[in-house]
Amino acid sequence: MKALVTGISGFVGSHMAEFLLRQGVEVVGTIRNRSRMDHISHLRQEIRLAECELRDPFSVETLIGRERPDLIFHLAAQSFVPTSWNSPIDTIHNNVAGQVNLFEAVRRFELPAKIQIACSSEEYGQVEPEETPIRETNPLRPLSPYAISKVAQDYLGYQYHRSYGLHVVRTITFNHTGPRRGENFVTSNFAKQIVDIEKGRKAPVIHVGNLEAKRDFTDVRDVVRGYWLALEKGQPGENYNIASGTCCTIAEMLNTLLSFSNVSIEVQTDPSRLRPSDVQILLGDYRKFQEATGWKPEIPFQRTMEDLLQYWRSQP
Ligand SMILES: C[C@H]1O[C@H](OP(=O)(O)OP(=O)(O)OC[C@H]2O[C@@H](n3cnc4c(=O)[nH]c(N)nc43)[C@H](O)[C@@H]2O)[C@@H](O)[C@@H](O)C1=O
């Protein structure tokens with residue numbers, strides 16, 4: 001069995017590759033010429049890499065025609081919400097065109113591939129507290145260009161299944177983190193600031209944005225197991241929430257990280273970290289996914305946070 005992982009050099013892609021190798025699956029991954037390779041350098045002997053620009057239909061068609069994968073985990077994306085305000089068209093083009101090119105190439109070669117697409121809880125956007133826990137039937141009220149790009153990816157998955165019978169499973173993943181999380185994202189950003197203070201590289205002040213927002217965090221290692229199960233047992237055309245079923249404020253997440261450190265820290269709001277509109281609460285109901293696949297989160301939040309801090313402590 002051969003799996004193609006788009007965005008293999010990214011945070012989730014690298015964990016996906018590790019999981020697939022443990023299942024004995026052959027792994028091919030897409031990279032771009034500017035991709036950072038440090039997340040997958042330890043896997044270089046076991047995986048194959050293909051340079052592919054997903055925005056370029058020729059590049060995608062060449063790859064799909066040559067590799068003919070059985071499984072596709074489509075993880076490549078511009079995934080940082082604030083970047084999508086600075087360059088909205090780039091985010092929308094990258095995320096939407098990349099996926100259309102992938103679907104069209106699969107169609108062109110009439111591949112029976114099963115395709116997982118990484119949709120996002122950001123699609124739910126403006127959620128009222130009484131509308132939680134969020135089910136797949138909740139309304140979508142996206143609040144950022146990134147969220148719009150994910151709504152488009154999500155519905156394109158639905159449409160290509162309905163129109164052409166592609167085996168697309170739409171996973172709607174809530175926040176996820178763990179070792180190798182990019183340093184822009186809040187959990188890693190705070191963990192890295194704490195470690196920089198521990199190592200004496202930074203004054204004991206942690207810079208933060210909106211600490212009131214509530215997020216539902218799952219460990220990335222649980223998430224990639226979910227993506228595998230989505231293709232093994234999920235229904236094509238369906239969408240499934242992948243979440244922990246609990247949430248905490250960003251302030252509580254920061255306190256959890258601080259509880260694993262001895263440094264005493266002053267917390268300072270940095271206005272540049274505040275967003276034009278922030279999703280206030282994300283709390284997911286994952287029962288539909290559990291019923292379809294048996295998946296449930298296994299790694300407790302405390303351990304994820306501890307592993308994340310250890311990851312940053314181990315970095316040079
Ligand atoms: C599901 C979804 O999950 C992620 O999107 P996100 O929730 O925007 O992730 P984040 O880690 O950037 O922010 C989380 C929360 O934390 C608040 N916050 C406070 N202070 C800082 C801060 O200093 N930095 C950041 N980045 N956020 C901060 C911020 O305002 C927000 O309320 C992506 O994986 C996305 O791809 C995705 O699909």
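Counting starts at 1 for both ligands and their atoms, in listed order.
Ring pair H176/F11 is parallel by interplanar angle, where below 30° counts as parallel and above 60° as perpendicular. Using a 30° and 60° split on the angle between ring planes, F217 and F301 fall in the parallel class, below 30°. Ring geometry for W295 against F289 counts as tilted: the plane angle lies between 30° and 60°, on a 0 to 90° scale.
Comment: K114 does not engage E232 in a salt bridge, judged by the lack of any side-chain N to carboxylate O separation of less than 4.0 angstrom. E198 has a carboxylate O that lies under 4.0 Å from a charged side-chain N of R313, or vice versa, which qualifies the two as a salt bridge. Ion pair D196/K192 flagged as a salt bridge, since at least one NZ, NE, NH1 or NH2 atom sits closer than 4.0 Å to an Asp/Glu carboxylate oxygen.
What sits closest to atom 35 (C) of ligand 1 on the protein, heavy atoms only, is S79 O, 3.3 Å. Atom 4 (C) of ligand 1 has its closest protein heavy atom at N175 ND2, 3.6 Å. At the top of the distance list for atom 23 (O) of ligand 1, counting protein heavy atoms only, stands R273 NH1, 2.7 Å. Taking atom 26 (N) of ligand 1 as the reference point, the nearest protein heavy-atom neighbour is N184 O, 2.9 Å. Of the protein's heavy atoms, S121 OG, 3.3 Å lies nearest to atom 1 (C) of ligand 1. Residue, atom and distance of the protein heavy atom nearest to atom 34 (O) of ligand 1 are R181 NH2, 2.8 Å. Looking only at protein heavy atoms, the nearest one to atom 15 (C) of ligand 1 is I250 CD1, 3.7 Å. In terms of protein heavy atoms, atom 30 (O) of ligand 1 is closest to D278 OD2, 2.6 Å.
No side-chain heavy atom of V169 sits under 4.5 Å from any side-chain heavy atom of I117.
Below 3.5 Å of separation, one finds an N or O of S120 facing an N or O of ligand 1. In terms of polar-atom proximity, Y146 is counted as a contact of ligand 1, with an N or O under 3.5 Å from an N or O of the ligand. Ligand 1 has a nitrogen or oxygen under 3.5 angstrom from a nitrogen or oxygen of R215. Where the criterion is an N or O separation shorter than 3.5 Å, residue side chain and backbone included, G209 meets it with respect to ligand 1.
Nearest residue to atom 8 (O) of ligand 1 from Q280, Q78, R275, H207 is R275 (criterion: closest heavy atom). Which of V186, N95, L143 comes nearest to atom 28 (C) of ligand 1 through a heavy atom is settled by distance: it is V186.
Close contacts of ligand 1 with N210, meaning ligand atoms under 4.0 Å from a residue heavy atom, involve 17 (C), 18 (N), 19 (C), 20 (N). Atom numbering of ligand 1 starts at 1 in the shown order; those under 4.0 Å from a heavy atom of V81 are 5 (O), 8 (O). Interface atoms of ligand 1 facing T173, defined by a heavy-atom separation under 4.0 Å, are 1 (C).
Only the side chain of A213 comes within 4.0 Å of ligand 1, judged by heavy-atom distances. Looking at L211 against ligand 1, nothing comes within 4.0 Å, counting heavy atoms. Of the heavy atoms in L282, none comes closer than 4.0 Å to ligand 1.
The minimum heavy-atom distance linking D216 with F174 is given by the pair O-CB, 3.6 Å.
The closest side-chain donor-acceptor pair between Y160 and E104 falls under 3.5 angstrom.
Not a single donor-acceptor pair under 3.5 Å links the side chain of S9 to the backbone N or O of I31. With E238 contributing its side chain and Q235 its backbone, the two residues share no donor-acceptor pair below 3.5 Å.
Within the 4.0 Å heavy-atom cutoff, L274 does not count among the residues contacting ligand 1.
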Could you go step by step and tell me if E18 and H42 meet the side chain to side chain donor-acceptor pair (under 3.5 Å) rule? CA-CA 10 Å; E18 285 176 357; H42 62 297; 2.6 Å; yes

